[in-house]
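First the structure, in the form of structure tokens, and then the observations on it.
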Amino acid sequence: MMSTKKKLPAHSRGTGNIFADLGLPNAEEHQLKAALVVQLKRLMEERESTQTDAAKLVEMKQPDLSKLLRGHFKLVSVEKLMRMLTAFDQDVEITVKPHRKRGEAGRITFIPA
């Protein structure tokens, strides 16, 4: 009887952060920005908000918002993204606590409500 399983090419398990897996600098910041932008996009869809309306609400030019929604994260800081979410009536909470493993650097994690 022949096996129908296909052999996968050589690969490694990802870290959960595509930016780190690609070796990009500031990977945690990029991951956080991506998560915040996803939340922003979700809120826009829930409210059926156009990019023009959303841009006015978050005090940004529509072309810049369009670029941000397409992954151009360098346009804004994490702080600006948090302010944009508060403009959509969201609370943003920041928690600082000791890292579980001593001797290792802490990490930045996004936990959606």
Side-chain angles (χ1 to χ4, degrees):
M1 196 171 195
M2 291 180 93
S3 174
T4 58
K5 284 189 175 183
K6 291 184 180 182
K7 187 173 179 179
L8 295 175
H11 65 282
S12 60
R13 185 172 298 277
T15 64
N17 182 335
I18 186 67
F19 303 102
D21 294 343
L22 292 172
L24 298 176
N26 305 315
E28 283 188 337
E29 181 180 352
H30 287 303
Q31 183 79 2
L32 177 58
K33 285 181 175 184
L36 295 173
V37 169
V38 166
Q39 286 295 109
L40 181 64
K41 178 76 171 158
R42 182 185 61 79
L43 291 165
M44 289 173 60
E45 288 172 357
E46 279 180 10
R47 295 181 186 198
E48 298 178 357
S49 178
T50 65
Q51 284 187 10
T52 302
D53 292 338
K56 287 177 188 173
L57 182 64
V58 300
E59 300 176 357
M60 175 180 261
K61 294 178 180 176
Q62 183 277 326
D64 290 337
L65 178 60
S66 177
K67 289 176 188 173
L68 177 65
L69 295 172
R70 289 183 283 122
H72 296 266
F73 303 140
K74 290 184 179 184
L75 295 172
V76 295
S77 65
V78 170
E79 181 182 5
K80 172 67 175 172
L81 285 168
M82 290 188 295
R83 286 188 183 146
M84 291 168 77
L85 289 170
T86 62
F88 273 87
D89 304 324
Q90 301 297 295
D91 290 332
V92 177
E93 298 177 0
I94 299 172
T95 303
V96 178
K97 61 184 181 181
H99 187 60
R100 291 181 185 169
K101 296 181 182 178
R102 289 187 177 262
E104 288 186 13
R107 63 180 185 203
I108 298 171
T109 307
F110 174 76
I111 303 170

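The structure presented is a predicted model; accordingly, all values stated were derived computationally and were not measured.
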What distance separates [X] [atom1] from [Y] [atom2], expressed to the nearest 0.5 Å?
{"X": "R83", "Y": "M60", "atom1": "CZ", "atom2": "CE", "answer": "12.5 Å"}
{"X": "R42", "Y": "F88", "atom1": "CZ", "atom2": "CZ", "answer": "10.5 Å"}
{"X": "K67", "Y": "F73", "atom1": "NZ", "atom2": "CZ", "answer": "15.0 Å"}

Is it possible for you to say whether V78 and I94 belong to one hydrophobic cluster, with membership spreading through side-chain heavy-atom contacts below 4.5 Å?
->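 Yes, it is one cluster - the side chains of V78 and I94 are joined through contacts under 4.5 Å.
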Say whether, by atom type as modelled, one donor and one acceptor occur between the side chain of [X] and the main chain of [Y] under 3.5 angstrom.
{"X": "K33", "Y": "V76", "result": "yes"}
{"X": "D21", "Y": "T15", "result": "yes"}
{"X": "D64", "Y": "L75", "result": "no"}

Option among L57, T52, L40 that satisfies the side chain to side chain contact (heavy atoms under 4.5 Å, CB included) test with L65 |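 Output: one option passes, namely L40.
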Mind listing the closest non-hydrogen atom pair of Q39 and P112 along with its distance?
->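 Closest pair (atom of Q39, atom of P112, distance): OE1-CB, 4.2 Å.
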What are the two closest non-hydrogen atoms of A27 and A20, and how far apart are they?
->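 Reported closest heavy-atom pair: CB-N, 3.4 Å.
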If you define the side chain from C-beta out and look only at heavy atoms, does anything of [X] sit under 4.5 Å from [Y]?
{"X": "V37", "Y": "M84", "result": "no"}
{"X": "Q51", "Y": "M44", "result": "yes"}
{"X": "L85", "Y": "V58", "result": "no"}

Go through the structure and list residues passing side chain to side chain donor-acceptor pair (under 3.5 Å) with N26, not counting sequence neighbours.
->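 N26 satisfies side chain to side chain donor-acceptor pair (under 3.5 Å) with no other residue.
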Go through the structure and list residues passing side-chain contact (heavy atoms from CB on, under 4.5 Å) with K41, not counting sequence neighbours.
->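 Partners of K41 under the side-chain contact (heavy atoms from CB on, under 4.5 Å) test: E45, L69.
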Pair listing, ring-ring contact (aromatic ring centres under 6.0 Å, His included) test, anchored in residues 29-72, at least two apart |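 Passing the test, one end in residues 29-72: F19-H30.
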Charged N-O contact under 4.0 Å between D89 and R47 |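 Salt bridge flag = yes for R47 with D89.
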